[in-house]
Amino acid sequence: MKNQELLKIAEEYGTPVYVYEVEKIREQYKKLTESFDDKTRFFYAAKALTNINILKYIQALGANIDCVSIHEVSLAIKAGFTPDRILFTPNCVDITEIETAMRLRVHINIDNISILEQFGNKYGDTYPVFVRINPHILAGGNYKISTGHIDSKFGISIHQLRHIQRIVKTTGLKVEGLHMHTGSEIKDIDVFIQGLEIMFQMLEYFPDIKYIDMGSGFKVPYQQGELETDVKSLGKKVLKAITAFKKESGKDFELWFEPGKYLVSESGSFLVSANVIKQTTATVFVGVNSGFNHLVRPMFYDSYHKIENLSNQVGPERIYTVVGNICETDTFAWDRKINEVKEGNVLVLRNAGAYGFEMSSNFNSRLKPAEVMFMKGKAHLIRKREVFEDLLKNQIEVL
Ligand SMILES: *Cc1c(COP(=O)(O)O)cnc(C)c1O
């Protein structure tokens with residue numbers, strides 16, 4: 001998608017606006033499916049971006065979906081995913097949310113002993129489940145997004161294997177799948193092989209396993225010089241290990257992954273306008289008409305998003321600090337070379353498809369941005385920009 005097309009969208013729909021080029025999602029999905037065999041299934045981690053149109057698009061690609069809340073499950077069903085293509089992987093939910101998922105007939109992934117025991121006691125062998133294992137592998141780009149380490153709240157520790165076995169034995173519970181997700185932005189593909197080997201060992205203890213789900217953590221490049229997770233060699237290595245294991249053990253199972261960021265990050269651009277150029281004694285700030293209320297990743301994860309000036313694509317570069325309009329430290333980027341910015345210019349933050357709109361809020365009583373889908377050369381508004389009334393929508397005035 002060309003810069004001119006982005007600029008046209010900014011003019012037509014205003015800023016701030018998220019734009020998703022769906023062709024990019026298709027390309028990423030194709031790269032994954034081509035790197036593995038036909039039997040490997042990919043479950044899009046919906047929490048990265050849940051606009052219903054994006055879910056429908058991903059559904060039509062043939063992907064499956066991984067949901068972390070019951071409402072994501074409902075969105076998935078609305079988008080056309082059949083229950084066998086939905087995996088529910090919640091964390092710290094109560095048994096009633098699990099039971100709702102059960103009535104919807106989706107795959108359920110249980111991540112703590114307490115619920116496993118309650119579920120087993122109530123339903124015995126009538127509804128097979130997944131167990132989320134915490135293998136205690138530290139992986140991922142940032143502590144906040146690493147989920148497999150010893151301090152993590154996710155999964156059931158591998159050291160509690162005996163306890164899981166006791167519950168299974170006592171209640172008759174059927175474990176149809178084993179799951180692990182060690183974090184996001186994993187560059188070192190050997191982490192997956194390490195995880196897989198732990199899974200192979202676990203198989204011995206669970207005779208009913210049909211699925212092994214290795215989660216995700218597939219990385220996309222944000223900065224110059226950064227690399228994407230090499231899914232091609234990952235595919236080769238993983239398939240080789242699995243083929244050997246299956247042959248040796250006589251066991252069979254399906255391999256699943258749950259890419260979120262990998263599928264949608266690069267499809268997304270976030271367009272903002274420069275409100276103010278502010279020269280201080282220390283730097284030149286570009287103050288834009290957005291903030292961490294719309295894109296929290298830079299402040300929350302120290303993430304890097306490439307920034308370009310769409311209104312001035314050829315001028316000399318200057319060094320800027322790009323900040324938002326929220327009344328708290330609110331920095332998108334320090335010391336960036338950007339083509340000279342004038343007030344009113346439209347800037348693009350790249351790689352904003354994943355965990356962008358999805359993590360937005362109304363902090364400072366500001367309105368959430370619009371979302372536009374770009375498909376087959378055409379822009380479609382897929383979420384209206386919020387209006388003032390939305391702020392009061394659920395408030396009850398008692399004074
Ligand atoms: C967030 C999450 C994912 C996706 O992670 P990405 O880094 O976006 O690919 C996959 N599985 C589970 C269980 C998750 O919570």
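Both ligands and their constituent atoms are indexed starting at 1 by order of listing.
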If we number the atoms of ligand 1 from 1 as shown, the ones under 4.0 Å from a heavy atom of D66 are 11 (N), 12 (C), 13 (C)
Side chains of R132 and I156: does their closest heavy-atom pair fall under 4.5 Å?
no
Atom 8 (O) of ligand 1: closest protein heavy atom, distance to 0.1 Å, is Y355 OH, 2.6 Å
| field | Audit row: F218, F192, ring-ring contact (aromatic ring centres under 6.0 Å, His included) steps and yes/no | value | CA-CA 10 Å; F218 299 162; F192 290 99; 5.4 Å; yes
Looking only at N/O atoms, are V68 and ligand 1 under 3.5 Å apart anywhere? no
For F332 and V286, what are the C-alpha separation, side-chain angles and deciding distance, and is it a side chain to side chain contact (heavy atoms under 4.5 Å, CB included)? CA-CA 10 Å; F332 283 126; V286 178; over 6 Å; no
*asked:* So, 4.0 Å and heavy atoms of G217: is ligand 1 close enough to count as a contact?
replied: yes
Atom 7 (O) of ligand 1 sits nearest the protein heavy atom S184 OG, 2.3 Å
The protein heavy atom nearest to atom 12 (C) of ligand 1 is E258 OE1, 3.4 Å
Counting from 1 in the order shown, the ligand 1 atoms closer than 4.0 Å to a non-hydrogen atom of T89 are 13 (C)
Quiz item: cation-pi between R350 and F270, 6.0 Å / 45°: no
Side chain proximity check, H179 to E258, heavy atoms < 4.5 angstrom: yes
Restricting to heavy atoms, the pick from H181, M180, K261 nearest atom 5 (O) of ligand 1 would be H181
K246 bridged to E248 by N-O distance under 4.0 Å
no
| message | I'd like to know if E23 pairs up with K376 as an ion pair, taking the criterion as any Lys NZ or Arg NE/NH1/NH2 lying under 4.0 Å from an Asp or Glu carboxylate oxygen. | response | no
ring-ring contact (aromatic ring centres under 6.0 Å, His included) test vs W256 passes for just one of F130, F42, Y44, namely F130
When distances are taken from atom 2 (C) of ligand 1, the protein heavy atom at minimum range is K47 NZ, 2.3 Å
Per-atom filter on ligand 1: closer than 4.0 angstrom to a heavy atom of A45 are 3 (C), 4 (C), 10 (C)
heavy-atom search around atom 9 (O) of ligand 1 in the protein gives S216 OG, 2.6 Å
